[in-house]
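Below is one structure, written out as structure tokens; the observations come after it.
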Amino acid sequence: MTNLLSVLPDFDIQPFAHILPSLERALISTADLLTLDALDVAKRAQVPPGEVRRLAVAVVDGVHGSTSLSTGEGVEGGGNGESVEQGGDGSVSNRIEAISTLDDAFDAALCGGIAVGKLTELVGESAAGKTQFLLTLLLSVQLSSTSGTPKSALYISTEAPLSTLRLVQILEEHPKLSALPFDERPTMARVQSAHIHDLEAQDHILRYQVPVVIKRHNVGLLVVDSIAANYRPEFDRGKAKGSAAESFVKRSNQVTELGALLRQIAEKHDIAVVVANQVADRFATVVEPASQIPLSQQHTPKSQPTSPPYPTTTLPATTAHAPKPDSTPIPTLTVSTDDPLSLDHQQRFFTGWGDEPSITNLKTPSLGLAWTNQLGARIALLKSPVYAVRPYASGEEPEIEGWERTCRVVFGEWCGEGRVGFEIWKGGVRAIVGEEPEVKGV
Amino acid sequence: MAASTSMITVAISPAASQKQHPSSHRLPTVSASEALQDLQTAGLETISTTLPGLDSVLSGTIGVVAGGLERGKTSELWGPKGAGKTALLLEIAARELCRGNKVVWMDGASPLSIPRLESALDHQVNATNGTTATPANIGDYKKHFLHYRVPTFSHLLALVLHPGPDFPPPGATLLVVEGFHTLVDLDYPRVLFASSGKTQQQKWQAGRRYAVLGTLIAGLNKLAVLNNLAIAVTTGCASRVRTDSGLGSALVPGVGGGEWDGGVWNRLVIFRDFTCRFVGVQKCRGRILISREQIGETGKIVGFTIDEKGALQQKGSTGGPAIEDLRRKVTRSPIKTRKRVIDEVADSEGEEADEYGWAETDEDALTADGPGDDILEPPPADTAVV
């Protein structure tokens, strides 16, 4: 019953204080209490069954009382973190409450901005532009206010501390911020920052200290930069006991709990939580050439990803897009590969890298599938080198002239996918003018 | 199944069928011919999935007009993030709302974004009436959309297994539980079966995950039948290494277990590909097309795309009956039954040895868990006993 108070924070445990310790020793959780018969529970924990029944009834009543029911139209019970504005004729505003990115193209791709009450991830290689994006958000959140007081931001760093000089520069150079009158401008005073060194401190700070800071400073945005840093040394260390599989399962569970904690903070305090994440390289298997016959009749052998992986630079052009053959009289639908549910293939679509077969240089966000399942939205910042166009001597490496940066919304609970090209400048990040943001759909 | 539904409705609302004398303890009955007539006239009540190809795959037999999610049954939709599960369910829910029915939506992971519901209603009003939706219309439909936030697994269990008197509301045809796997994983995280030094309590706790899932699916099915609801549950995905075939990891449903799988009526996988998204039908009308051991198989697929407004468009499907891909069928070695050595056989004179081996099999059941649990469990019962 250790989770009883996290399930029902207002539950009065006094009348049951005599049986709760025995239930805990028998490792009976609240869910067990609700699914098992009272007699079974009583036998396991060696407590009187009548008391168990009373406790179960009290828990069910408590849950029914606390569950908030809302219709699509409005909120009756507790809130759900959205502002639903009702116009005079009963029309409802179509936007979810969000923190603007101070750039119209980015906001359009995100259907308004970074949603409040959700966990968003910003993932990219180093020097992709994540921190620039986050710094802009730290200033943008201050433009909204609750009951007259502008909101603050909380920046938790795990690697490099908050770069205050850059923050000042963005504040001075960004066109939308410098155009504001002085008293409405964001200030450095409303950006709180903290540093976390290791995993245990991370858990304690997020669970107990962050809620206090949120209330005290009217925080509207929590940024954690980056979330993966504290995990690496913990799990690279060779453990004496415990196999690799065990530590993998343990890490998955820890990551799941972290995700749940961050989402709970976002929802309960009605703030946006944005997390930066790192990437690792991944080698893609060659995409099987799509044959002209439907899936159920294919006989081509599968590719073997466990053999030494070879990069996709040698991918022939014919494998690109051809699942729907035009030459056959009956149009049949085929999947592009023999093994569509393999992790390798599906990673192309939920990581942000690889959803066109011709893309090389694939990256995978850290912390794996378990972390991906926790997110409300993933924004990937991709960069690819632009080579100088000039005659090269044989054997000379192509010279990198610059970087082409793209911001992709990979998935989102409130917005569809989309991509925007962008650049980093002294005022932060800005979408490249003239390139229409593609909003591909939900 | 429809016949038993009509029996049940008679049983719980006797006043509706005949006037009961208060002192007569009559058992309300329905004659077999009446029940058969009801069955023939009412037919199967299904909720269309808004993708005609998917409806026809789910209808199973050729000739049944309406296919889709059956009322009185539970369907599971799984797939990776961003594949389109919520989008599909929103369109289905919007369609039901447009037809005047109520929809109950439970959020497990994160609250639903209401603007998405509004744009789904927009499409469905267009599709059914051919007119554009006015804000007043949408407001009316939204009143019938009952939205519960279930922050923990215990909340879900209390709502489903011990429902309140007015839950689910009359007139509701669809119940959606979204993000179900996150709730389960938080309360009952996966454990490796071979973990060190477990006390008897810990072993018991390790097996609880699958037992609770079994109880829950039974409760969901009961709720579905008693209230004539179609229930749709989304479970995310997890990954499993495929050691047998030598291929890399593949995605598997986020929630597993023999009892859970046996209790679900339809299982659909929704995944993405380069050109469009796909729905694969892995279990249909209680018959398993692709069993849990065949990791990575999609089953019969129907393609669809989602445009920028969120509307779903079908893109063709694999016609014809579902053919199981035999060459990729994973062959399992037969499960060895524990054989006792000759000199262990108990004498009839009071030997301590457990005559039927019950204690040993109990141990097996308790420790069979964790990521490898699919391999240790016997294959689930394929046909659901209706």
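In the text below, chain A, chain B and the rest are named by the order of the sequence lines, each starting its count at 1.
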Pick one of side chain, backbone, both or neither for [X], based on which atoms fall under 4.5 Å of a heavy atom in chain A.
X: B:Leu161; answer: side chain
X: B:Ala238; answer: backbone
X: B:Val269; answer: side chain
X: B:Thr215; answer: side chain
X: B:Pro151; answer: neither

For a quick test of reading the model, state the closest non-hydrogen atom pair linking [X] to [Y] and the distance between them.
X: B:Cys237; Y: A:Asn373; result: O-ND2, 2.9 Å
X: A:Asp32; Y: B:Arg208; result: OD1-NE, 2.6 Å
X: B:Arg190; Y: A:Asn253; result: O-ND2, 3.3 Å
X: A:Phe349; Y: B:Phe274; result: CZ-N, 3.7 Å
X: A:Leu34; Y: B:Ala158; result: CD1-N, 4.1 Å

B:Arg242 and A:Ser342: side chain donor to acceptor below 3.5 Å | no
Go through B:Lys81 and A:Glu121 one step at a time and tell me if the salt bridge (Lys or Arg N to Asp or Glu O under 4.0 Å) criterion holds.
-> CA-CA 13 Å; B:Lys81 271 271 184 186; A:Glu121 182 195 65; over 6 Å; no
Can you find a pair of side-chain heavy atoms, one from [X] and one from [Y], that are under 4.5 Å apart?
X: B:Leu216; Y: A:Thr35; answer: no
X: B:Asp185; Y: A:Gln374; answer: no
X: B:Gln205; Y: A:Ile28; answer: no
X: A:Val63; Y: B:His162; answer: no

Which residues share a side-chain contact (heavy atoms from CB on, under 4.5 Å) with A:Ala31, sequence neighbours left out | A:Ser29, B:Phe153, B:Ser154, B:Leu157, B:Asp187, B:Tyr188
Counting only pairs under 3.5 Å, give me each side-chain donor-acceptor contact of residues 105-112 of chain B, with atom names and distances, residues two or more places apart or in other chains.
residue, atom, partner, partner atom, Å
B:Trp105, NE1, B:Asp107, OD1, 3.0
B:Asp107, OD2, B:Leu112, N, 2.9
B:Asp107, OD2, B:His147, NE2, 2.3
B:Ser110, OG, A:Glu413, OE1, 3.0

Of all of A:Leu8, A:Leu4, A:Thr372, which one pairs up most often with chain B through heavy atoms under 4.5 Å apart?
-> A:Thr372
Side chain, backbone, both or neither of A:Val59 within contact of chain B (heavy atoms, under 4.5 Å) = neither
